[in-house]
Number of protein chains: 2
Amino acid sequence: MTIVDNRSNGVINLGEKGVLSKDGGLLADRAYAYIRTQLADGVLGPGSRLNELEISQHLGISRGPVREAIRRLTSSGLAIYEPNAGARVVSLDIGDVAQLYEVREALEARAAGLAAHHMTDDERETLIATLDEHEARMTEASSTSYPRGGSDWDFHLLILKGARNAVIWRICGDELRDMFSLLRNQHGSSPGRGHRALQEHRWIAEAIVAGNADFASLLMAQHIRASRDNLLSAMQTNASKNNRLKSR
Amino acid sequence: MTIVDNRSNGVINLGEKGVLSKDGGLLADRAYAYIRTQLADGVLGPGSRLNELEISQHLGISRGPVREAIRRLTSSGLAIYEPNAGARVVSLDIGDVAQLYEVREALEARAAGLAAHHMTDDERETLIATLDEHEARMTEASSTSYPRGGSDWDFHLLILKGARNAVIWRICGDELRDMFSLLRNQHGSSPGRGHRALQEHRWIAEAIVAGNADFASLLMAQHIRASRDNLLSAMQTNASKNNRLKSR
DNA sequence: ATTTGAGCGATTGTCGACAATAGTCATGAG
DNA sequence: CTCATGACTATTGTCGACAATCGCTCAAAT
């Protein structure tokens with residue numbers, strides 16, 4: 001089913017040197033990137049099984065690296081794992097999402113405060129420029145939702161990066177971002193939220209540029225709470241719709 | 001050197017069913033627990049290499065599960081990993097520790113607030129009882145530092161657990177706790193910090209028992225900042241001592 | 001008709017072997 | 001004496017095979 005018939009597998013394992021992809025040469029990295037892409041593109045929905053053999057055959061590699069990639073996914077919370085039964089893509093209910101937002105709020109608020117201290121002038125300019133570009137794209141597409149392609153995260157990642165904290169970066173910029181990109185495939189945002197979000201981004205950026213850490217932190221916390229409320233209510237209606245259809 | 005001569009290895013891999021240890025039967029879990037124990041006991045100091053072959057032979061298993069355990073350690077930040085060069089136990093400098101505390105402060109403060117909401121009456125009683133016990137052990141040992149054996153974490157884990165947030169639990173209760181247990185092997189706490197810490201714990205517990213979320217959160221943030229300052233200054237003096245000795 | 005259990009297929013868990021890479025050490029040229 | 005060069009070794013990366021386990025099907029007994 002997910003097996004796209006790509007011949008040219010089989011024996012081509014390492015063509016000549018290990019330069020078979022733009023990745024770091026480690027097959028496990030390649031497998032990891034592959035699965036992550038599948039997740040981000042929605043090919044693998046919540047609850048999908050991650051079959052080691054299937055993936056390894058599809059990639060033309062052995063099960064070892066694939067297994068490692070899957071375990072990595074598991075470590076970051078993108079998959080759940082049952083011994084002797086394999087891994088499935090995590091399926092998040094409303095409670096889970098609320099917990100994720102709890103962490104995001106706490107950490108990104110802090111990150112915004114840190115960014116207000118640590119960002120270079122260049123970074124502050126980039127922050128503003130990014131928002132200008134987002135606004136341009138929004139009006140151009142005359143869309144009421146934030147421009148597609150993870151643009152919303154562009155802004156948040158800039159701040160996360162400016163916070164100069166590797167731990168926060170790993171948690172929010174890597175793991176949580178993957179989690180939320182999973183969610184984006186299932187639930188959209190309410191109409192009108194885009195403009196509001198952009199405005200909130202502007203306020204946060206202004207506070208950061210002004211070096212006002214406490215204010216930036218506060219605004220970011222509010223922004224994330226608003227985002228949470230938006231997504232949570234979308235999930236709520238989705239859930240009740242599904243309940244009506246599938247009786248479970 | 002690290003090879004303790006325990007016969008009874010060799011061929012006993014899966015004695016009869018998989019019941020060879022209290023673990024889940026997965027050899028990778030066993031390897032993970034083993035390495036973690038070595039870390040917690042200080043057998044493996046910061047910078048130590050994690051040799052797949054050595055560990056696997058010591059445990060009488062093959063490299064596969066050991067490799068998986070090491071990668072798991074890497075995912076949680078306890079080890080750093082270089083492709084084709086293996087993994088080493090992470091060595092944290094002052095900046096790293098400061099970043100860890102930053103995350104702990106943000107998340108545990110939030111956890112304290114959540115705990116004030118969600119804890120059952122039983123849990124609140126246990127919280128108080130735990131502090132009573134800590135106090136008893138401190139006066140009994142007439143020690144000025146918090147009772148050994150991770151008692152300090154007892155308190156924090158109770159709160160983390162009471163927060164009813166799996167994500168916070170995974171980050172603070174699992175990963176960060178391991179990181180800090182690594183640190184405990186290198187740096188002690190200042191004299192007198194024990195009593196002060198206990199007092200702070202009491203205040204936090206009172207706020208939680210009273211259901212005062214904001215206050216509990218604030219007190220926890222202060223408590224962790226104090227703990228950070230304590231450890232950081234210890235590291236500072238340690239570092240300068242080492243500088244004088246080793247010129248690096 | 002329900003339940004139990006034996007067999008079977010699919011998938012994961014583990015292993016040992018081999019390939020590839022990085023680091024080391026000796027050797028030799030400048 | 002220093003630096004480049006080339007084996008050599010230790011360690012990681014990958015593979016294919018086999019064992020163990022789980023879930024399912026289907027038959028048989030009550």
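In what follows, every chain begins at residue 1, and chains take the letters A, B, ... in the order their sequences are listed. Just so it is clear, the model here is predicted, and its values are computed rather than measured.
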B/Glu123/B/Lys161 salt bridge by N-O under 4.0 Å criterion: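 Not counted as a salt bridge, because no side-chain N and carboxylate O are separated by less than 4.0 Å.
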
Closest-nucleotide 5' rank along DNA chain D - winner of B/Ala85 and A/Asn84: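 The residue mapped nearer the 5' terminus is B/Ala85.
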
Residue met sooner reading DNA chain D from 5', once B/Asn51 and A/Ala28 are mapped to nucleotides: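 Checking each residue's closest nucleotide, the 5'-ward one belongs to B/Asn51.
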
Just the rounded figure in Å: distance from [atom2] of [N] to [atom1] of [X].
| X | N | atom1 | atom2 | result |
| --- | --- | --- | --- | --- |
| B/Ile61 | D/dA19 | CD1 | P | 19 Å |
| B/Gln57 | D/dT12 | CD | P | 12 Å |
| A/Leu53 | D/dT21 | CG | P | 20 Å |
| B/Arg63 | D/dC15 | CZ | C1' | 12 Å |
| B/Leu50 | D/dG13 | CG | P | 13 Å |
| A/Arg49 | C/dA10 | CZ | P | 13 Å |
| A/Leu26 | C/dA20 | CG | P | 15 Å |
| A/Asp29 | C/dT21 | CG | P | 15 Å |

Would you say the ring centroid of A/Tyr101 lies under 6.0 angstrom from that of A/Phe180?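 Centroid distance A/Tyr101-A/Phe180: below 6.0 Å, so yes.
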
Using the ring centroid of each side chain, check whether B/His134 and B/Tyr146 are separated by less than 6.0 Å.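 Under 6.0 Å, so yes.
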
Counting only N and O atoms by type, is there a donor-acceptor contact under 3.5 Å from the side chain of A/Glu68 to the main-chain atoms of A/Ala28?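 Such a contact is absent between A/Glu68 side chain and A/Ala28 backbone.
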
Between B/Trp169 and B/Arg110, is there a cation-pi geometry (under 6.0 Å to ring centre, at most 45° from the normal)?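 Not flagged: B/Arg110 not positioned over aromatic ring of B/Trp169.
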
Which of residues 64-77 of chain A sit near DNA chain C, with a heavy atom under 4.0 Å from it?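 A/Arg67, A/Arg71, in order of number.
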
Taking only the side-chain heavy atoms of B/Leu27 (C-beta and beyond), determine which of C/dT12, C/dC15, D/dG13 contains the nearest atom.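 The answer is C/dC15.
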
Among C/dT12, D/dG13, C/dT14, which nucleotide sits nearest the side chain of A/Glu52?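 Closest nucleotide among those given: C/dT12.
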
With A/Tyr32 via ring-ring contact (aromatic ring centres under 6.0 Å, His included) - residues at least two apart: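 A/Tyr32 satisfies ring-ring contact (aromatic ring centres under 6.0 Å, His included) with no residue once adjacent residues are dropped.
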
With respect to the phosphate group of D/dT11, does any side-chain polar atom (N or O) of B/Tyr81 fall under 4.0 Å of OP1 or OP2?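 Checking D/dT11 against B/Tyr81, no side-chain N or O comes under 4.0 Å of OP1 or OP2.
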
Working for salt bridge (Lys or Arg N to Asp or Glu O under 4.0 Å), residues B/Glu54 and B/Arg49: CA-CA 10 Å; B/Glu54 184 183 343; B/Arg49 292 214 51 192; over 6 Å; no

